[in-house]
Each structure stands twice: as structure tokens, then as C-alpha cells.
Amino acid sequence: MKRTQSESLFQEAQQYIPGGVNSPVRAFKAVGGNPLFISKAKGPRITDADGNEFIDYVSSWGPLIFGHAHPKIVDAVSRQAQLGTSFGAPTELEIELAQKVVDAVPSIETVRLVSSGTEATLSALRLARGVTGRDKIVKFEGCYHGHGDSLLVKAGSGVLSLGLPDCPGIVSDLAKNTLTLPYNDAKGVKELFAKMGNEIACLIVEPIGGNMGVVPPQPGFLELLRKVTAEAGSLLIFDEVITGFRVSYGGAQKLYGVSPDLTCLGKIIGGGLPVGAYGGRKEIMDHIAPVGAVYQAGTLSGNPLAVTAGIEMLNLLSQPGVYEDLDKKSERLCNGYKANVDKLGVTATFTRVGSMFSMFFTDQEIISFDSVKTSDTELFKRYFNAMLEEGVYIAPSQFEAGFMSAVHTNDDIDQTIAAQSRALQKALG
Ligand code: KE4
């Protein structure tokens, strides 16, 4: 596969941008080689700077559930651009998107728009601490909630230990207020809240793990989180930046019937442009400035172009049958993968919730970050590069999710299944 253009662009990019990328996971560090520079994309396919075309299952890490450059989104954004790109003043468009989110997501009565998932989660944490007057927060190993300081924290020695900075620059006095548990660890959750529930401002969780690869909640896990946080007077925050409008029009909270106190959104609600959001009951959200005293602001929050893309995306997703179709397509792909794996005698475990899915090169049941870490990442590295050679673009890490779009056709899927069989054989050597 010709990569000369991407290679030279990568050399040039590194002169001006740290690591040549504006987000670390794009650098292909986990899979070797240098990143492909993408020049265009349409529907389920992307084309790199060397003209190589790929069937895409990264979907820009989740936002493009209706594929790349969807005409309804492009036309609407182009029209809005003619009317102005940013005013720093309220617009009718923001009311329209906010109303769609409020109508769709069961636990959201009012919502604040921001410009990224990270902004959404760090604002929600500040709000929870402001409302409860407490400092401690709880998160789960393997869940990623953006790069806010309180969230770039790794588990200390014991399960109930205080957090430690997960990278330089995180103040240890802040990190120690972040408590970390294994995902799906019901016993640990009960022990922690029994021990110090009244000190905990909030618990933040991806209701379906998407940043370890896809790790679904065990039956009863989300209900337990709802119970113990309510009993402790702590806020339950669902980070639905990936799952929001991905696994159902009302997100994971609709799918599983568990209502958090605050919900963080991003990705899909921006339709491929920068939008994040956090929302919840009005009594909580009214603590946010200018109504309340918890400060949060943003020059481009509710940006007209980004909000227009988000509105069009939610219009597309609200059509009847969309999620049933996404589920059927994703099942077709994963069943094809499973058939390939079985035929070749490869050890692999699959996870899927709707149109987010993963294949792990392990025989372990996938319930936590520890179980995911048993995967053969060397085999994944060979598999990833073989898939590229076969024209299929998957996430450049075993610990990321795969995404189906509404515009992948059965033919695209069958081509992918055939390509994956060849890629597996190459990877197995
Ligand atoms: P952003 O700040 O990247 O918009 O959102 C942060 C975030 C928050 N919560 C969840 C559950 C997320 O998955 C993310 C971001 N996801 C990663 C990859 N899974 C984005 C890719 C990247 O970092 O470049």
C-alpha cells in the first residue's frame, strides 16, 4: 500500500505539532508505523493522502453515525456559514438543539452546550462538587472521560486507595480526591460507599465502557450505582459522550432504564463538528452560572455551525427504524467476524451493544480493564496493519471501540468480512 504522501506529511507535521498529531491516539503508537493522513471521506469510506480508500469503522471515534459528509448535514452547515459562523450571543439554533436533547434523554430537564466531551465532564464534576460541597469523586479503571485533571488519575495501591496522578502536571492534592474502582466491581462499589459515601460528591461512569474496547455493564451494575449514590447523597454522572444517541435515541440510560443525576454528551450531537453538553434536573443545573454560582463558560459554546450539524444529525437519527437497522448491520458484521475467527481457530472474544463493538484476542470474559488487558496486543498490531492493507480502517488500538454507521451497506459489510478473513490469515502468519 502506497504511503509516501502520508509519510512526508507526517514528517512535516512533526515540525509544527507535538508528535505531528492534535490528539495522541491518532499517532498509531499502539500499532506501529506512522499515521495515515486523511484527505477526504464520503459515506462509509475514507481516502488517505495517497489515494488509498478504506471502509471506515472508526467513524471519527464515534460522531459520524450517519457516515462522512452526509449531504443533509453538509448542506445545512454550508447554508448556516453564509449567515455567519459565530456571534458570541444566543441563537434560536441553540434552543432547537437543547430541546431535542431534553426531549430525547430521559434524565435531562435542562442542558448546557460546550465544545467537547472533556469540557462536558469537567464541568459536570465541578457542578457535582459545587452542589454537594464534597471533594471526592469515583471513577472506574479503563473508563476515559476526557483530559480534565481530576480524571487523569490512576488507581493507587489498594482498591479503596486515593488516586495518583496518571501523568505529569496533575496536582497530587487534586488526584487524591479521585477514587478508582474496577469496572463492574459491585462488591468494591458497596464497600467504598459504605466506608466513605458521605464524602463522595459524585460517581462518573461510562454506562457502557467504550475506552477499553467495548465493555458492557454486568446485569444490575448500573442499578447498583444508582442505589448507592442516591443513598449517599452523591450525584450519579453518566458519561454518554460515546453512548449518547449511539445505542438508542435516548442513550444508554434509555436502553438500561437507569436515570443518572447528570449526563455528559458529545461526539454524535455535534454531527462531526465540536459540540459537547451536560445536563440533568433543573434543580441541579440551576447551580450553573449565570443562574447559580458554579462557573462555566465558552467562547464557542453553542456555535451556530456546530449546532446546525448537531440538529441535522438528530433529525436523521429520529427517523423510524434507524437503530434497528444499525443493530442488524452490526450483528451481520460481528457474526461474519466470528465465522472467520472460528474457521481459522483464532482465540477471540466479542462484545457489542447496538452499533458499538469490539473483538479482543483473548479467551477471557470481558468484564473489566484487567480482563481486556489479557488481549494479545502484538497479534492486534499485526491484525490492524493487515486490515489496512485489505482496505479496512479500524481503530489503531485494541482498547477502542468499533462503530457501524447507518450508511454502511450490506455489500460494504460483506466486503469487510471477506477482507477480515484475509487479514487474520496474514496476521497469524
Ligand atoms: P473529547 O474531549 O475528546 O471530545 O471527549 C472526551 C471523552 C469523554 N468521554 C468519553 C466516554 C470519551 O470517549 C471521550 C473521548 N473519546 C476518545 C476516544 N475514545 C476520543 C479520541 C481522542 O482522544 O482523540
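Predicted model, so just to flag it, every value in this text is computed and none were measured. In listed order, ligands and their atoms are each counted from 1.
The aromatic rings of Tyr337 and Phe350 are tilted relative to each other, their planes meeting at an angle between 30° and 60°. Taking the six-membered ring for Trp and thresholds of 30 and 60 degrees, Tyr393 and Phe54 have ring planes inclined between 30 and 60 degrees apart. Ring pair Phe384/Phe28 is perpendicular by interplanar angle, where above 60° counts as perpendicular and below 30° as parallel.
Interface of Val25 with ligand 1, defined as ligand atoms under 4.0 Å from a residue heavy atom, comprises 22 (C), 24 (O). Applying the 4.0 Å criterion to heavy atoms of Tyr144 picks out, from ligand 1, the atoms 9 (N), 10 (C), 11 (C), 12 (C), 14 (C), 15 (C). Interface of Lys267 with ligand 1, defined as ligand atoms under 4.0 Å from a residue heavy atom, comprises 13 (O), 15 (C), 16 (N), 17 (C), 20 (C). Each of the atoms 10 (C), 11 (C), 12 (C), 13 (O), 16 (N), 18 (C), 19 (N) of ligand 1 lies under 4.0 Å from some heavy atom of Asn211. Per-residue contacts place Ser23 under 4.0 angstrom from the following atoms of ligand 1 (heavy atoms of the residue considered): 22 (C), 23 (O), 24 (O). Atoms of ligand 1 found under 4.0 Å from any heavy atom of Ile242 (numbered from 1 in listed order, with element): 13 (O).
Between the side chain of Thr349 and the main chain of Thr362, a donor-acceptor pair closer than 3.5 Å is present. Glu240 places a side-chain N or O within 3.5 Å of a backbone atom of Gln253 that can act as its donor or acceptor partner.
Of the polar atoms of Gly117, at least one N or O is found under 3.5 Å from an N or O of ligand 1, judged by distance alone. Considering backbone and side-chain atoms together, Glu206 places no N or O closer than 3.5 Å to any N or O of ligand 1. Residue Arg26 has no nitrogen or oxygen atom sitting less than 3.5 Å from a nitrogen or oxygen atom of ligand 1, judged on distance alone.
The closest side-chain donor-acceptor pair between Arg226 and Thr229 falls under 3.5 angstrom. Side-chain atoms of Ser8 and Gln11 form no donor-acceptor pair, as typed in the model, at a separation below 3.5 Å.
Heavy atoms of Glu240 stay at 4.0 angstrom or farther from ligand 1.
Nearest to atom 9 (N) of ligand 1 among the protein's heavy atoms is Asp239 OD2, 2.7 Å. Considering only non-hydrogen protein atoms, atom 3 (O) of ligand 1 sits nearest to Thr118 OG1, 4.6 Å. The protein non-hydrogen atom at the shortest distance from atom 21 (C) of ligand 1 is Trp61 CG, 3.8 Å.
Proximity of Leu125 to Leu151: side-chain heavy atoms (C-beta onward) are separated by under 4.5 Å at one or more points. Phe403 has its side chain out of reach of Ile65: every pair of non-hydrogen atoms, C-beta onward, lies at least 4.5 Å apart.
Between the NZ atom of Lys139 and the CD1 atom of Ile237 there is a distance of 13.0 Å, given to the nearest 0.5 Å.
Of all the heavy atoms of Glu400, the ones lying under 4.0 Å from any atom of ligand 1 belong exclusively to the side chain.
When the heavy-atom distances from atom 7 (C) of ligand 1 to Gly146, Pro63, Gly62, Ser116 are ranked, the shortest goes to Gly146.
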